[in-house]
Amino acid sequence: MSWTQFFFYVFAGLSLLCALMVVTRRNAVHSAIFLIITFFFMAAVFVILKAELLAAVQVLVYAGGVVSLMLYVIMLVKAEEASQVKQNLGQIAIAAFIALLLALQVGSIVYLYFAQKPAGKAAVEALKYGGNTEGIGALLYTKYLFPFEVASVLLLAAMVGAIVLAKNRLER
Amino acid sequence: MYQSISPYIPVLILLVLALAFGVVTLMVAWLVRPSKPYDEKLSPYECGINPLMPAKIRVPIRFFVIILLFLLFDVEAVFMYPWAAMYKKLGIWGFVEMFLFIVILLVGYIYAWAKGALEWE
């Protein structure tokens with residue numbers, strides 16, 4: 001086992017452990033803190049996979065932005081009362097179904113990788129342009145231009161949605 | 001393989017040292033200090049003010065809108081990094097792409113402004 005593999009398993013294992021802590025903690029703030037640690041370990045995994053830009057985005061956007069959004073949501077609700085409520089009320093069937101779908105998705109990706117080895121084609125293509133950030137730029141703004149522009153519409157929808165949801169409170 | 005991740009080894013060392021500093025300090029303090037807990041130690045100091053209300057209150061929805069807008073524009077800024085790195089190679093078409101992207105998000109910005117989501121009062 002090489003050092004790269006060793007560090008991959010260490011960081012992947014630690015991120016799984018922290019993710020498990022996120023869903024098992026009763027205190028929502030503790031969950032959010034564990035989520036930050038999970039994102040940091042995932043960033044380490046991205047670095048090992050030579051996706052430096054993704055690692056930076058993981059820390060800046062996810063550990064910085066998304067978790068602070070979650071913390072504000074925790075502060076919006078009555079977290080004290082929520083921690084007393086029994087959490088699993090007939091959600092097990094739905095949760096199992098979603099988990100099964102996710103497992104199938106991940107499984108199919110792993111299967112495709114071992115069966116046909118199509119994975120990494122885009123990465124090889126991107127490496128022609130130089131570094132990691134340049135590679136993403138070269139693909140995102142030429143081949144995957146439409147998804148990129150759709151992303152802006154998605155962001156716009158989220159923006160308008162948040163304002164509409166909070167509108168009554170804002171006007172008061 | 002080892003050579004390829006070596007630029008990040010100092011980051012790892014820093015991470016381990018930072019973690020070890022905290023753990024070792026706490027462990028040494030735990031070993032050395034006497035342990036005599038009593039209620040007075042949990043009360044505010046003489047120079048402090050007694051708490052008027054619980055610290056964990058529900059914050060106004062305004063905070064949520066502000067943090068969500070921050071997050072969305074954060075994501076927008078992230079898209080600009082790879083674009084800036086490839087700007088010269090993408091040429092004028094790359095400029096048009098990013099212009100469209102920003103214009104679409106500008107609509108959201110103007111909407112937020114017009115609806116008063118950026119105002120505090």
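The model shown is predicted, which means the values in this text are computed figures rather than measured ones.
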#### Entry: Between B:Val78, B:Leu15, B:Val11, the one whose heavy-atom pairs under 4.5 Å with chain A are most numerous
B:Val78
### Choice from B:Trp83, B:Phe63, B:Phe64 maximising heavy atom contacts with chain A below 4.5 Å
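The candidate making the most pairs under 4.5 Å is B:Trp83.
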Following the transitive rule for hydrophobic clusters with a side-chain heavy-atom cut-off under 4.5 Å over Ile, Leu, Val, Met, Phe, Trp and Tyr, establish whether [X] and [Y] coincide in one cluster.
{"X": "B:Met98", "Y": "A:Val150", "answer": "no"}
{"X": "A:Tyr141", "Y": "B:Met80", "answer": "yes"}
{"X": "A:Tyr144", "Y": "B:Leu100", "answer": "no"}
{"X": "A:Val164", "Y": "A:Val153", "answer": "yes"}
{"X": "A:Phe46", "Y": "A:Leu17", "answer": "no"}

### Task
Let me see the working for A:Met159 and B:Leu105 under side chain to side chain contact (heavy atoms under 4.5 Å, CB included), right down to the final yes or no.
CA-CA 9 Å; A:Met159 217 177 282; B:Leu105 282 168; 3.7 Å; yes
Contacts under 3.5 angstrom, residues 30-37 of chain A side chains, donor-acceptor by atom type, not counting sequence neighbours:
residue	atom	partner	partner atom	Å
A:Ser31	OG	A:Val22	O	2.7

### Message
Are there residues of residues 51-66 of chain A whose heavy atoms fall under 4.5 Å of chain B's heavy atoms? If so, which?
### Response
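Counting heavy atoms that sit under 4.5 Å from chain B, the residues of residues 51-66 of chain A involved are A:Glu52, A:Leu53, A:Val57, A:Leu60, A:Val61, A:Gly65, A:Val66.
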Identify the two heavy atoms, one from [X] and one from [Y], that lie closest to each other, and give their separation to 0.1 Å.
{"X": "A:Leu76", "Y": "B:Pro60", "result": "CD2-O, 3.7 Å"}
{"X": "A:Ala166", "Y": "B:Val65", "result": "CB-CG2, 3.4 Å"}
{"X": "B:Met86", "Y": "A:Glu134", "result": "CG-O, 3.2 Å"}

State the [atom1]-[atom2] distance between [X] and [Y], to the nearest 0.5 angstrom.
{"X": "B:Leu68", "Y": "A:Tyr72", "atom1": "CG", "atom2": "OH", "answer": "12.5 Å"}
{"X": "B:Leu71", "Y": "A:Met70", "atom1": "CG", "atom2": "CE", "answer": "10.0 Å"}
{"X": "A:Leu156", "Y": "B:Glu76", "atom1": "CG", "atom2": "CD", "answer": "10.5 Å"}
{"X": "B:Leu12", "Y": "A:Phe7", "atom1": "CG", "atom2": "CZ", "answer": "5.0 Å"}
{"X": "A:Ser152", "Y": "B:Phe79", "atom1": "OG", "atom2": "CZ", "answer": "8.5 Å"}
{"X": "B:Glu97", "Y": "A:Leu140", "atom1": "CD", "atom2": "CG", "answer": "8.5 Å"}

### Task
Using ring-ring contact (aromatic ring centres under 6.0 Å, His included) as the criterion, list what pairs up with B:Trp93, not counting sequence neighbours.
none
### Task
Could you look at A:Leu155 and say if it's the side chain, the backbone, both or neither that has a heavy atom under 4.5 Å from chain B?
both
### Task
Give, as side chain, backbone, both or neither, the part of A:Leu145 having an atom under 4.5 angstrom from any heavy atom of chain B.
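Side chain of A:Leu145 only, per the 4.5 Å heavy-atom cut-off to chain B.
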### Query
Hey, what's the ring geometry for B:Phe101 with A:Phe148, parallel, tilted or perpendicular (30° and 60° as the breaks)?
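Parallel.
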### Query
Given a strict heavy-atom distance threshold of 4.5 Å, which part of B:Leu72 is in contact with chain A: side chain, backbone, both, or neither?
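For B:Leu72, heavy atoms of backbone and side chain both lie under 4.5 Å from chain A.
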### Query
Residues of residues 29-39 of chain B under 4.5 Å from chain A (heavy atom pairs)?
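Contacts with chain A: none.
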### Query
Has B:Lys41 got more than 12 heavy atoms of other residues, nucleotides or ligands less than 6.0 Å from its NZ?
yes
